[in-house]
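All of these numbers come straight from a predicted model, not from anything done at the bench. In listed order, ligands and their atoms are each counted from 1.
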Amino acid sequence: MKLFLDTAIYEEIAEAVNWGVIDGVTTNPTLIAKAGHDHEEQVKRISQIIGNVSAEVVSEKKDDMVVEGRRIAAWHKNVIVKVPLTPEGLAAGKVLAGEGIRINVTLCFSVNQALLAAAIGAYIVSPFAGRLDDINEDGMRVVADIVAAYRQQEIKTKVLAASIRNPMHVTQAALAGADIATMPFGVLKMLFLHPLTEAGQKKFLEDYRKTQEAKPMPTARQEPATKR
Ligand code: G3P
């Protein structure tokens, strides 16, 4: 399972890229607004340091979405165009996918919706696990069911577990067979954490320092001869 960051904050993305653990970024209009930058400018900037950058259309009608999707796709080769799982969004996605543009169908909440996304040739479908949990449904169950249905039907569309809220969601997404999980920077940082890693590393460094302190001071004979 590939790990993506769900943010439009450049500094967070640059740090995670430096760690070498992420393969992409997902953005949406809310995240772009939070980052406080111009949409185009920010997506272009992010696309220069990482592949697979999802950027969402905000038009509401099919024809407008198609025009907007083409424009977004032209920003950078790393851009994947996000369309909503609505009749207009899917109709636009089909046209764009037919032109070879990679499409991420967003706001997916059921297996049937995921089948619709696959039907238009989407590259990615994004089930929102956390938002299903919010309404007392089992979000990761839906992710697992989509993965199972796609496998059964030999569908190639990638399943991207989105709306991830905690590290347990990441583990569950991996066990469910998701191709990708996208998460906020705070959740990504938590994936590194384990008290035994921290304690183990502390002890290794302490023991190393002790061996350095215990080293005998060089004697006169061991000192390199100085030229007179
Ligand atoms: O990738 C989709 C994600 O941004 C939605 O997350 O936490 O707003 O439900 P959330």
- [ ] Would you check ligand 1 and list the protein residues that come within less than 4.0 Å of it by any heavy atom, ordered by chain and number?
- [x] D6, N28, F128, R131, A162, S163, R165, T182
Task: Straight-line distance of T182 OG1 to D23 CG, nearest 0.5 Å - done: 11.5 Å
Task: Those residues that, when tested against E68, pass side chain to side chain donor-acceptor pair (under 3.5 Å) (two or more places apart) - done: S59
Open item on the list: Are there over 12 heavy-atom neighbours, none belonging to Q152, within less than 6.0 Å of that residue's CD?
Closed with: no
Task: Minimum-distance pair of heavy atoms, taken over all atoms of I120 and A97 - done: O-CB, 3.7 Å
Open item on the list: Would R131 and D134 count as a salt bridge (charged side-chain N to carboxylate O under 4.0 Å, His left out) here? Give the steps.
Closed with: CA-CA 5 Å; R131 291 193 194 184; D134 291 345; 5.9 Å; no
Task: Student check: side-chain heavy atoms of R165 and V187 closer than 4.5 Å - done: no
